[in-house]
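Worksheet: the structure to be examined is printed underneath.
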Number of protein chains: 2
Amino acid sequence: MNIIITNSSGLPIFEQIENSIKQAIFSNELKEGDMLPSVRSLANELKISFLTVKRAYDELEKSGFIKTIQGKGSYVAPKNLDLIKEEKLKEIQSYIEKIYEISKLSNIPKEEVNELFKMIFEEEL
Amino acid sequence: MNIIITNSSGLPIFEQIENSIKQAIFSNELKEGDMLPSVRSLANELKISFLTVKRAYDELEKSGFIKTIQGKGSYVAPKNLDLIKEEKLKEIQSYIEKIYEISKLSNIPKEEVNELFKMIFEEEL
DNA sequence: TCATCTGTTATATTTAGATTATAACACTTT
DNA sequence: AAAGTGTTATAATCTAAATATAACAGATGA
């Protein structure tokens, strides 16, 4: 699993960890039942406090992505990813609708919006 | 002018004020040359420090929406269409960035997002 | 000129969230 | 028992946002 922490992202560390792990789950790199690195080992690896890793894991557990058992470790929880993706798609759709409204109201041509879209989505090299 | 501050928005107060005033300018509720409430009166009204209001006004001046004159007050700057378009583009950009984050996180391919985009923008026929 | 608006500046403090360090504790496995 | 897991409590640091306070400066009208 590839967890990268940057100070330039603006996001707090615990949230960056959260996102990395969610991403790994969505991409199926982490599957149902897989064990996550222990809070201490991941903390050592990233050279941060184990409390920060714990916080990330706590959030992930709250939102149902993982299950933690004292003395054993943290495991990827069963989840209906298709259902979640469906929700995420709806969320994306509502944002696009907002964009559509703004562009219509302010006379911003579709092409210009498309340029922005390409720019932001291409930077993912 | 309706400036509402909430602690639940996550946005700092000075930014909420900024946004409210931008919105009032966009909706023409505040017109070119209109005087804004004085930093102290708005601070009293909102029960916050005048320094926080000043910060909001400073930001608005930096981005060209208002003009402040010592001893007189702050006034809505002459309407600048480029500025408005620039602002709307920024808004659109921030939505696209949100979309990018969601799609990256939940492993939704760019193409799928693009399909949605096309669908919503084509229906304008 | 004076009072009273307006904005400006400087200093110190408070607050909240994120993060850390440390130590002690509890459960699981071998 | 040892060594791995997670848990909890406490105190400290750091940063951005926000505050309190006081003093200063320009504009305006009585």
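Quick note on labels: first sequence line is chain A, next is B, and so on, each numbered from 1. Fair warning: this is a prediction, and the values are worked out from it, not measured in the lab.
The side chain of Lys54(B) lies closest to dT8(C) when the candidates are dT19(D), dT8(C), dA18(D).
Contact annotation: Thr52(B) side-chain N/O to dA17(D) OP1/OP2 distance is not under 4.0 Å. Between dT5(D) and Ser38(A), a contact under 4.0 Å exists linking OP1 or OP2 to a side-chain N or O.
Rounding to the nearest 0.5 Å places CD1 of Ile102(A) at 13.5 Å from CG of Asn107(A).
With DNA chain C read from its 5' end, the first of the two nearest nucleotides for Leu11(A) and Lys72(B) is the one closest to Lys72(B).
Rounded to whole Å, atom P of dT20(C) lies 8 Å from atom CD1 of Ile5(A). Ile69(A) places its CD1 atom 11 Å from the C1' atom of dT5(D), with the value rounded to the nearest Å. With rounding to whole Å, Met35(B) atom CE is found 6 Å from dT6(C) atom P. We find that NZ of Lys67(B) is positioned 15 Å from C1' of dT6(C), with the value rounded to whole Å. Atom CD of Glu61(A) is separated from atom C1' of dT5(D) by 14 Å (rounded to the nearest Å). Remark: P of dA16(D) and CD1 of Ile13(B) are 17 Å apart, rounded to the nearest angstrom. Rounded to whole Å, the distance from CG on Asp58(B) to C1' on dG7(C) is 10 Å.
Taking the ring centre of Phe26(A) as origin, the terminal cationic atom of Lys85(A) falls outside the region bounded by 6.0 Å and 45° from the ring axis.
Surrounding NZ of Lys79(A) are more than 12 heavy atoms belonging to other residues, nucleotides or ligands, all under 6.0 Å away. No more than 12 heavy atoms of other residues, nucleotides or ligands lie within 6.0 Å of NZ in Lys47(B), so this atom counts as exposed by the packing criterion. By the 6.0 Å contact criterion, CD on Gln23(B) is open, its count of non-hydrogen atoms from other residues, nucleotides or ligands being 12 or less. Other residues, nucleotides and ligands contribute more than 12 heavy atoms inside 6.0 Å of the NZ atom of Lys88(B).
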For nucleotides 22-25 of chain C, give me every protein contact, N/O to N/O, under 3.5 Å, one pair per line with atom names.
{"from": "dA24(C)", "atom 1": "N6", "to": "Arg40(A)", "atom 2": "NH2", "distance (Å)": "3.4"}

What's touching nucleotides 15-17 of chain C from the protein side, N or O pairs under 3.5 Å?
none

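For Glu18(B) and Arg55(B), the salt-bridge test fails: no basic side-chain N is under 4.0 Å from an acidic carboxylate O.
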- Item | Verdict with supporting geometry, Glu122(A) and Lys110(B), salt bridge (Lys or Arg N to Asp or Glu O under 4.0 Å) | CA-CA 9 Å; Glu122(A) 292 317 333; Lys110(B) 179 176 64 177; 3.3 Å; yes

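When side chains are defined from C-beta on, Lys54(A) does not count as touching Phe14(A), because their heavy atoms never get closer than 4.5 Å.
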